[in-house]
Structure formats: C-alpha cells, structure tokens
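Here the structure comes first, spelled out in structure tokens, and everything after it is commentary.
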Amino acid sequence: MKLPEANNFIEQIINEELEAGKFESVGNKIQVRFPPEPNGYLHIGHIKAMCINFGVKDKYNGKLNLRMDDTNPAKEDYEYVNSIVEAVKWLGFEYDKLVFASDYYDKLYEIAEKYILDGVAYVCDLSAEEITATRGTLTEAGKESPYRNRSVEENLKLFREMKAGKYPDGAKVLRAKIDMASPNINMRDPIIYRIAHVPHYRTGDKWCIYPMYDFAHPVSDAIEGITHSLCSLEFENHRPLYNWFVERSGLPKPLPRQIEFARLNITNMLMSKRYLKKLVDEGFVRGWDDPRMPTVMGLKKRGVPPEALKKFCADVGVAKAYSVVNQAQLDSCIRDNLNENAERAMAVLNPLKLTITNYVGEENLSFEKNPLKQDGGERDIKFTGSVYIERDDFSLNPPPKYKRLCKGGTVRLKSAYIVRCDEVKIGADGEAEELFCTYFPETRSGSAQPSEIKAKGVIQWVDAKYGVDAEYRQYKPLLKDEQYPDQDYAERLDTESEKIFYGKAEPYLFENGEGKAYQLIRCGYYKSFAGEKVLSEIVSLKDSFNK
RNA sequence: UGGGGUGUCGCCAAGCGGUAAGGCACGGGAUUUUGAUUCCCGCAUUCGUAGGUUCGAAUCCUGCCACCCCAGCCA
C-alpha cells in the first residue's frame, strides 16, 4: 500500500496502523468527524481542529462527518447548528454527512441496556452531592455506591422507569460499574445517563434522560464507523473510559481510536465561550460577528480570507506540547494572502486637503488593481488637482528621516505627480488645515523622471471632487494584555477599541462591498475590511496590522 | 504526598542512534512610484537538568526539576 507522507504525529500513527493492516476490513477507509456542540459559535480554535480533521480526511481520501454533539438539551439550539454549518462552508471544508448525536438516542439507549444486561452498569439513587462526596479525591479512593450491586433485573426495571419519566431530575442516574479506587477519577463509576425533564431542540420531549458525553461520544464514533477520534489534550484522561465504553458496546470493529492534540492558543485572543458570550451580552462588541471577535464570522467580517486561516493552521502544526502562538504569526498569514490576492485601492481615514495651485482641468490616471497579478486589470481614477491626503502624511515638524510631506518638501502622490508644499494654512487648533502645493507636470507617473525633481516618499490620496465620503470604524484588539483575564477582564478592556473616522475613499472601494483590502501607502501595511451593507461604512482592520 | 501528559532559538515546530529542517519575530544589505512587497545574508556547538549506555545520543536507560490536565448529573 502506498502511504502518503505524514506531516504530523497523528498521520504518523495512522500510517503505522494502515501498514499493520488495522483497517483492511473496511477497505482501508479512514473515517473522522468534527464534533462541535451546538451551544455556541465556532472560533479560530475550532478552525485548527477542522484543519486537522479535514486534513486527515483529504490526505487519506477518507470520510468526515460533521456531527453535532448535542447531548445536553439545556444549552443547545438550531441557531448554533445553523451558524456552525455556515462557518464550515465559508471556510470551504466539505464534509460527507451532517449528523447529530441526538440521531443515535435510541441506539445509545439500547447499548446502555446492554451494559446493564452485561452487569457493567447500574442505576444509582445517590444525589449529586453524595456522588461528589463519594468520588474520593486525587489521592484517596472513592467509596462504592450502596446501589452498586443491584440485580440486573432491578437495574433494567429502574432504568426503564427513568426513561418513562417516573423520576424527577436528579433522583437517579445510570452509572458504569468500573472501579471506585481507580487513580483515574474518570473511571470511578462515571455517569452514563442523567434525568433531565428538558425538551431537546430536535427530539422535543421524547426523552427525559440524556446520555453523558463520556458515553455518547465514543459510542457515537463507533456507530458511525469512525476510525480516528481526534480531540484536544484535556480528554487524554478520558481515553481509558472512551475505550471502556467502545469495547463493551458490541459495535463492530475496527473500533475508533482517540488521539489527542494541543488546542490552539494565540496571544491576546480569548476563545472561551464564557468570555466571548460576556463580551456580546454586555455590549463590549457589536455581536458574535464583530470584527474584534475570534469567531469564524468575526474573522470573516474582518476581511480575513479562509485560505489565510488554513495556512496559519498549517504553519502552526499539530503537536502535544502546550503552546501559545504569537498573534504576529496569524497576521503574517493574513498579510501574505492579502498581498497576493487583494485588489488595491486608496483611502484616507483622516483627510487633509491638498490643493495644487498651478493645476487646471482634470484627467484620468490608471491604477493596477493588483500589482502582483499580471492580469489583475486596471482601474481609472480622476485627478483634479485638488485632493485629500492622510493627515499623518504631512508633518509640521518632521522628524529626522521623514519621507513624506512637510513645508517646502516634496512627495509623490501615488501614480500621479510629485508635488511641493509651498504654503500651509493653519487652523484654529494649531494643526494644518490645508496645504497649497505646486505640481511638476513632467513627473507624471510613467514618464521618465527628471533628475532635478525628486521625492523620497510616496503617499496615497483621494480626489476631492470624485472621492466619496466614508465612515471608517477602526478596531483595536479588545485586550491590552494578558491571555486569560478571568474575573476582572472588563477592567482590562481597551475602551477605545472602536474608533470612528470620517474620511474619503475612491469610489472603487465600494464597487463590491466585501473582502477588498486597501492599504495605507504611508505605512505600507495592509488593512482589510469587510464592507458592510451600508456604503458609507467601511470597517477597517484592527490594529494588529500596525507595525 | 494519586494518575495522565509535555519540556528542541523570543514564539510555533521538524527530528525517531550518525553529528540541530522550516515558519513567525528580529538584525543587516540590495532593488522599489506603497517606510509595503520582492530579494539576498545573519540568527540553537546545542535540545529542561544530572548521570549512564554507545565509536557516536535531542533521539536509548536512570534519577531529578518545571509546567499543563483530571474530583460537572458540561462537552
């Protein structure tokens, strides 16, 4: 068998198993799954998990189920499943089937009865507090439940009564009979089913008992014929239990194997649902798709191309060591992608009027839409000799090595002419209000530059007559510092994280609202924005692109 | 003082007994009508630590040390 080259330890394991013939009975088909719980929105951490799972699927020509791990009706809803599906599709991942853990409720129940019949599960009447109290501690063994040795018949009867709704929430649970003295606390008779008289968003009130993750997940994997169940490190301690459930399920081999990897952490990015929800609920951001959010929809709105995110995940790699990736690494991937693909346009956030005193009439200037793409096309911009430039591109007191405009200095208006600033009109606030310049016709872009007229800098501009008014929302990172702010997170929020500018932009920016990038020539970095539906509103990228 | 994991450059990360890949960041230089891009060049005599085995170790063995995870009827 010809095996693909393994790019990480997971693929290495798969290769070894394939080589050993572990999956011959299923035609060497690898099956994986991506199993979010529909109780929140997908974020960049999930993207890493998707890249790993979809990556395995593609590499081995296998199958992947998008599975909603919906076994806790109190938290789940269609709102989330829809957003998850939407996010997966936007990222361009193609799954084979959309499935739900709740599809398996009948089968799961049946297997639970099998455990009872096999004498490895029992109904326990202990209260939640009592169970906690008898579970023991990290260093002490737990105590066996007094209900642990009920007969198979009694367990079956009780379990069926639980299912039939005879008992209130919390009155009874079904437990696995494993080992109360196990050093692995997960193995101390974990709960399989709990009673919850809560309607489920899919099954309604058909059930009043719901399976626990530790049971439902491995068994769902086995039901689907998953060969590799890839999850994050915190489930390592659950693996023995995973195997315990799967081995006793009676489901056909090959049984799924759980492999854990380190989850993604990025400096200054909080990904916990609890935290993100707070930001939304308490109005720190405009919603789950706010460009400052690390959610998939937030990233989309920020103008981040899916391919940049995939590249980032590929760069970061898959390993088991706890790590925090520097956000600069993400930014680099985004910049790379934008540099390669984004169409160019000019805009000024904070306009300063520049009038050319010796210019008459108007003309068209030609611009490349994307200098990196030979066939990127061109666009025309009107030039009337009266323009707006970025306020930062002019300085009353230029620092040493300043390359842009100052009084008496020259600068090139990109793709137009070199101008010299002759006069500065100072406003009441002491700041420059308008610049009066001379332009040099012979320096028109494209013509051979006369040696006597030079400009060190090149700045962007928007024509005063043809440029359109634009509102910019500029976002900064939500957190000033610290990875996990915990309870006092609110104090660390940067209240200036959203700033409004009223600037100018060339009309081209609005031709098709979304995902176009513009750049500030002065800084030479890219800012991307996802155009909102309202034309006058441009959302610029957060500060992370600043140097 | 239980169990399960992990420790390779500032941050990720290859490496699987034959003499430390790559990316990000950083520094230097060249080209440039974006202080961007592109392009060169530099950036771990050393792999948590102390020993041992070996002709040879980041890789094998032993002991220490540090950090992470686990005591939800959440996932």
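Per chain, numbering begins at 1; letters A, B, ... match sequence-line order.
- No hydrogens or angles were tested; on distance alone, nothing pairs the side chain of A:E236 with the base of B:rG5 as donor and acceptor under 3.5 Å.
- Taking only distance into account, the side chain of A:E234 never meets the base of B:rC68 through a donor-acceptor pair shorter than 3.5 Å.
- Using a 4.0 Å heavy-atom distance criterion, A:A128 is classed as a base contact.
- Screening A:T71, A:V99, A:V219 for a side-chain contact (heavy atoms from CB on, under 4.5 Å) with A:Y104, the sole residue that qualifies is A:V99.
- Of the side-chain N and O atoms in A:R194, one or more sit less than 4.0 angstrom from OP1 or OP2 of B:rA75.
- In this structure, B:rU59 makes no Watson-Crick or G-U wobble pair, since no nucleotide meets both defining distances under 3.5 angstrom.
- Between the side chain of A:S445 and the base of B:rU33, at least one donor-acceptor pair of N or O atoms lies under 3.5 Å.
- Base engagement by A:I131 is indicated by at least one non-hydrogen atom pair under 4.0 Å involving a base atom.
- Across all strands shown, B:rC9 forms no Watson-Crick or G-U wobble pair with both distances under 3.5 Å.
- Contact of the A:E5 side chain with the A:N15 side chain is not registered, since no non-hydrogen atoms from C-beta on lie closer than 4.5 Å.
- Base pairing of B:rA20: no nucleotide in any strand meets the Watson-Crick or G-U wobble criterion (both distances under 3.5 Å).
- Residue A:S323 places no side-chain N or O under 4.0 Å from the OP1 or OP2 atom of B:rC11.
- Atom CG in A:L372 sits roughly 17 Å away from atom P in B:rU32 (whole-Å rounding).
- Among the atoms of the strands shown, none is found under 4.0 Å from any heavy atom of A:L241.
- In this structure, A:Q329 does not reach the B:rG22 phosphate: none of its side-chain N or O atoms is under 4.0 Å from OP1 or OP2.
- Judged by a 6.0 Å distance limit and a 45° cone about the ring axis, A:K320 is not positioned over the six-membered ring of A:F261.
- Cation-pi contact between A:R202 and A:F100: present, with separation from the ring centre below 6.0 Å and deviation from the ring axis of at most 45°.
- If you check every strand for non-hydrogen atoms under 4.0 Å, A:G142 touches nothing.
- Distance alone, capped at 3.5 Å, places no donor-acceptor pair between the A:S182 side chain and the A:I185 backbone.
- With A:H228 contributing its side chain and A:I10 its backbone, the two residues share no donor-acceptor pair below 3.5 Å.
- The base-pairing partner of B:rU37, taking Watson-Crick or G-U wobble contacts with both distances under 3.5 Å, does not exist among the strands shown.
- If you check every strand for non-hydrogen atoms under 4.0 Å, A:G317 touches nothing.
- Dashed line: the shortest gap from a side-chain N or O of A:T71 to OP1 or OP2 of B:rA75 is under 4.0 Å.
- The base of B:rG35 lies close enough to the side chain of A:R404 for a donor and an acceptor atom to sit less than 3.5 Å apart.
- A close approach under 4.0 Å does not occur between any side-chain nitrogen or oxygen of A:S182 and OP1 or OP2 of B:rG3.
- Protein atom CG of A:L338 is 13 Å distant from nucleotide atom P of B:rU37, rounded to whole Å.
- Interface remark: the A:N237 side chain does form a donor-acceptor pair with the B:rG3 base, using a distance-only criterion of under 3.5 Å.
- At a threshold of 4.0 angstrom between heavy atoms, the contacts of A:V325 are confined to the sugar-phosphate backbone, with no base atom among them.
- If you measure from atom CG of A:N339 to atom P of B:rC24, you get 13 Å, rounded to the nearest angstrom.
- By the 30° and 60° cut-offs, the orientation of the rings of A:F235 relative to A:H238 is perpendicular.
- Counting atom types as modelled, A:N326 pairs no side-chain N or O with a base atom of B:rC24 as donor and acceptor under 3.5 Å.
- Residue-level contact check: A:K403 touches the bases, meaning some heavy atom is under 4.0 Å from a base atom.
- As the counterpart of B:rC64, B:rG48 is assigned, both hydrogen-bonding distances of the Watson-Crick or G-U wobble pattern falling under 3.5 Å.
- The phosphate of B:rA25 (OP1 or OP2) has a side-chain N or O of A:R335 nearer than 4.0 angstrom.
- If you check every strand for non-hydrogen atoms under 4.0 Å, A:F215 touches nothing.
- If you check every strand for non-hydrogen atoms under 4.0 Å, A:R175 touches nothing.
- Residue A:R135 places at least one side-chain N or O under 4.0 Å from the OP1 or OP2 atom of B:rG72.
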